[in-house]
2 protein chains.
Amino acid sequence: MARPADPHARISLVTAARAAFVSHGVSGARIEDITAACKLSKGAFYLHFKSKEQLFGELVAELRAGMDALLEHRKATMTGFFGEHGPLTARDVHQRTSRYEQLLALEVALDREVLGLLWRYRDVFGVLVSGSQGTEYSGVVWEMAHREVQRVQDDFEAVKAYGACRTDVPSELFGSMVVGTWLLVAQQMSKLTEPPDLDQWVRALHRLIREGSAPPKPKHGKRTVRRRLAARLNTRSTQSRSRSRRGTAR
Amino acid sequence: MARPADPHARISLVTAARAAFVSHGVSGARIEDITAACKLSKGAFYLHFKSKEQLFGELVAELRAGMDALLEHRKATMTGFFGEHGPLTARDVHQRTSRYEQLLALEVALDREVLGLLWRYRDVFGVLVSGSQGTEYSGVVWEMAHREVQRVQDDFEAVKAYGACRTDVPSELFGSMVVGTWLLVAQQMSKLTEPPDLDQWVRALHRLIREGSAPPKPKHGKRTVRRRLAARLNTRSTQSRSRSRRGTAR
DNA sequence: CGCGTTTCTAACCCGTGGGTCAGAAATTGC
DNA sequence: GCAATTTCTGACCCACGGGTTAGAAACGCG
C-alpha cells in the first residue's frame with residue numbers, strides 16, 4: 001500500500017554517524033557526510049532522526065542504560081553474596097579466607113563486565129570524553145566518573161572502618177586513582193580495533209590497586225636479586241626512548 | 001609618534017579566550033564574545049592574533065614547554081642523584097635505606113612540580129582533553145599521556161629487572177594506572193578555583209601506587225579490629241549515597 | 001594645531017552546514 | 001495500468017560566525 005523504507009537505512013545511518021562522531025566530534029560531523037556514506041541524500045537523515053544531537057543522544061542513552069544495568073547487577077550480586085556468606089571481617093581479609101577470595105573473584109567478574117561494556121561502546125565513550133562539547137551531553141562522562149569516584153570512595157571508607165585497608169590515604173584520591181585508571185584504559189581502547197585480553201587486564205589492575213607496585217617481601221632477605229641497577233641501565237639503550245633511569249616510576 | 005596600543009589588550013584577550021575555550025571549546029568559542037568581554041570589537045582580535053587557533057596554539061605551546069622543561073629537570077636531577085649516590089640495589093628497596101628514602105622524596109618533589117604546572121594550566125589542559133576537536137591540537141593530550149605511559153612503563157621494566165617491584169603485572173597497565181590517575185586528578189582540578197593541597201595529594205598518590213590499598217600487616221594477627229562489616233554498614237545510611245556495601249572497591 | 005602613524009571600530013563579505021520542502025521515485029493494493 | 005501512499009532526492013533557505021577592510025579615533029611630535 002506504500003513504498004517500504006529501506007530496512008538497512010536506519011542502522012547504517014547510525015553506524016556511519018558513530019564513525020563520523022569519532023573522527024570529527026558531534027558538532028564537527030557533517031550530516032551530508034553521514035548520509036553520503038550510506039548512499040542516501042541529506043533529506044533522508046531527517047526521516048529517521050530529528051537531529052544529529054538526538055541520534056547521539058540515543059547512543060548515549062544506550063551506554064547509560066548499560067551502565068545502570070551493571071550497577072543494579074552489582075548491587076544484587078553483592079547483597080546476594082553477603083546474604084549467603086554473612087558479612088566479612090578483618091580476619092577474612094588478612095588471612096585471605098576462601099570467602100574473601102570468592103568476593104574478590106566476584107568483583108573481578110563484575111568489573112570485567114563493565115570493561116566489556118566500555119569496549120562495545122568505546123567509540124561513544126571516546127566521543128563523550130573529547131567530542132561532545134556544545135551538546136547537552138558534554139558533562140555526561142564526568143558525571144559518570146564522579147559518580148563512580150563517589151561509589152569507590154564510599155566503599156573504601158566502609159572497608160577502612162573494619163581495618164581491611166590502609167587508612168593513611170584520603171578515600172577521594174583512592175577513588176580518583178581507580179576511576180582514572182579505568183578512564184585512561186577505556187580511552188586507549190577507543191583506538192584499538194581488536195579486542196584486547198580484558199580478563200587479564202582486569203585481574204592485573206585489581207592486583208595493582210589492591211597490592212600496589214611493591215614486590216612481594218623477599219623470602220628471608222638472603223639471596224635476593226642483587227644485580228646492580230647500573231648494569232641493567234647500561235644495556236638498555238637499544239630498546240626504546242633513551243631517557244628514564246631510576247627507581248620506582250612516578 | 002603614533003597611537004599606542006592598549007597595553008592590557010593582548011593579555012585580557014588571552015584571558016577572555018581561555019575562559020571562552022573552557023566553556024565552549026576552541027571551535028565553539030566565538031571571537032565576538034571574546035572581544036566583547038574585553039570591550040573591544042571583533043576586528044581588534046586580528047591585530048593581536050592570526051586566528052583563534054593560533055592563540056590556542058600559543059597556550060598549548062606554553063604548557064608543552066613547561067612539561068618539557070620539567071622532564072629535562074627530572075632527567076638532570078636523577079642523573080645527579082645517581083652520580084652522587086651510585087646505583088640502587090634491591091637491598092635499598094627492601095630495607096628502605098636512607099638513600100632509597102631520599103630517592104622517593106626526590107620523586108615526590110618532581111611529581112609535585114608536574115602537578116603544579118597542571119594546576120596553572122588546568123584550563124588549557126581541560127580544553128585539550130575535551131574541547132580541542134577539529135583543531136590540530138586534538139591529539140596532543142593523548143600523545144602526552146602516551147609518552148608518559150611509555151616512560152613510566154620503561155622505568156617499571158627497569159625496576160622489575162632488579163627485583164624492586166612486582167613482576168606479575170604488565171608494565172603497560174602500570175603505566176596506564178599512574179597516568180590515568182594523574183589525568184583524572186588534573187581534570188578534576190579544572191573545576192576548582194581554590195588550589196587544593198597538592199603536596200598532600202602527591203604524597204598520598206605515591207603511597208597508593210607503591211603500596212596499594214592493602215592495610216599494613218597486623219602486628220601479630222592478635223587484637224586486630226574485629227568490628228563486623230554489618231555494624232558499620234547499618235549506621236552509614238545518613239552520610240551519602242545509600243548504595244555501596246561490600247569489600248574492597250573496584 | 002595639524003600631520004603622520006598606528007589602533008580600533010563596525011559594517012560587510014562569504015563559506016559552511018543545519019534544516020526544509022516540493023516533487024520524483026518506488027511500491028502496494030486494486 | 002492506476003491510484004494511493006510513503007520514501008527519498010536535491011535544490012533551496014538562512015543563520016551563524018570567521019575573516020576583511022574602509023574609515024574613524026587616538027596619540028605623539030614638531
Side-chain angles (χ1 to χ4, degrees), chain A residues 1-60 127 130-138, chain B residues 1-60 127 130-138:
Chain A
M1 200 205 187
R3 174 181 180 179
D6 177 359
H8 304 321
R10 192 188 162 95
I11 2 176
S12 73
L13 279 173
V14 172
T15 311
R18 280 171 88 137
F21 291 157
V22 167
S23 34
H24 304 108
V26 176
S27 61
R30 280 166 300 185
I31 290 183
E32 289 200 84
D33 286 356
I34 296 171
T35 52
C38 309
K39 301 202 198 315
L40 290 172
S41 67
K42 184 159 68 162
F45 184 89
Y46 292 94
L47 295 173
H48 299 278
F49 310 99
K50 218 177 102 297
S51 70
K52 235 182 357 177
E53 273 73 19
Q54 184 245 316
L55 196 174
F56 184 61
E58 281 183 23
L59 293 172
V60 174
V127 174
S130 53
S132 64
Q133 217 167 28
T135 74
E136 60 178 310
Y137 308 102
S138 58
Chain B
M1 203 211 189
R3 175 180 179 176
D6 176 358
H8 304 318
R10 192 188 161 94
I11 2 177
S12 71
L13 279 174
V14 172
T15 312
R18 281 171 86 137
F21 291 158
V22 167
S23 33
H24 304 108
V26 176
S27 61
R30 279 165 301 186
I31 290 183
E32 289 200 84
D33 287 356
I34 296 171
T35 52
C38 308
K39 299 199 198 316
L40 290 172
S41 67
K42 183 159 69 163
F45 183 90
Y46 292 94
L47 295 172
H48 299 278
F49 310 98
K50 216 177 104 296
S51 70
K52 232 180 2 174
E53 272 72 19
Q54 184 246 315
L55 195 173
F56 184 61
E58 281 184 23
L59 294 171
V60 174
V127 174
S130 53
S132 63
Q133 216 167 28
T135 73
E136 61 177 307
Y137 308 100
S138 57

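Keep in mind it's a predicted model, so treat the numbers as computed, not measured. Residue numbers start from 1 in every chain, and the chains themselves are labelled A, B, ... in the order their sequence lines are given, proteins ahead of strands.
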Heavy atoms from C-beta onward define the side chain here; which of [options] lies closest to that of [X]?
X	options	value
A:Arg3	D:dT9, D:dG18, D:dT7	D:dT7
A:Tyr46	D:dT7, C:dG18, C:dC8	C:dG18
A:Ser41	D:dG10, C:dG19, C:dT7	D:dG10
A:Leu40	D:dT9, D:dT20, C:dC8	D:dT9

Who are the side-chain contact (heavy atoms from CB on, under 4.5 Å) partners of B:Glu58, not counting sequence neighbours?
B:Arg10, B:Phe49, B:Gln54

Output all residues satisfying ring pair (Phe, Tyr, Trp, His ring centres under 6.0 Å) with A:Phe21, sequence neighbours left out; order by chain, then residue number.
A:Phe56

Is there a side-chain contact between A:Val60 and A:Val127, using heavy atoms and a 4.5 Å cut-off?
no

For A:His48 and for B:Gly43, locate the closest nucleotide of DNA chain D by heavy-atom distance; then report the residue assigned to the nucleotide nearer the 5' terminus.
A:His48

Distance from [X] atom [atom1] to [Y] atom [atom2], nearest 0.5 Å?
X	Y	atom1	atom2	result
B:Leu40	B:Ile31	CG	CD1	13.0 Å
B:Ile34	B:His24	CD1	NE2	10.5 Å
A:Asp6	A:Leu47	CG	CG	11.5 Å

Donor-acceptor contact present, side-chain B:Lys52 to main-chain B:Ser27, <3.5 Å:
yes

Output the rounded distance in Å from [atom1] ([X]) to [atom2] ([N]).
X	N	atom1	atom2	value
A:Leu55	C:dG19	CG	C1'	15 Å
B:Phe45	C:dA10	CZ	P	18 Å
A:His24	C:dT16	NE2	P	14 Å
B:Phe49	D:dT20	CZ	P	16 Å
A:Leu13	D:dT7	CG	C1'	13 Å
B:Asp6	C:dT7	CG	P	12 Å

Could you run down the sub-3.5 Å N/O contacts of the protein with nucleotides 12-17 of chain D?
unit_1	atom_1	unit_2	atom_2	d
D:dG17	OP1	B:Arg30	NH1	3.3

Contact class for A:Lys39 (heavy atom, under 4.0 Å): base, sugar-phosphate, or nothing?
sugar-phosphate

Using a heavy-atom cut-off of 4.0 Å across all strands, would you classify A:Ala44 as base, sugar-phosphate, or nothing?
base

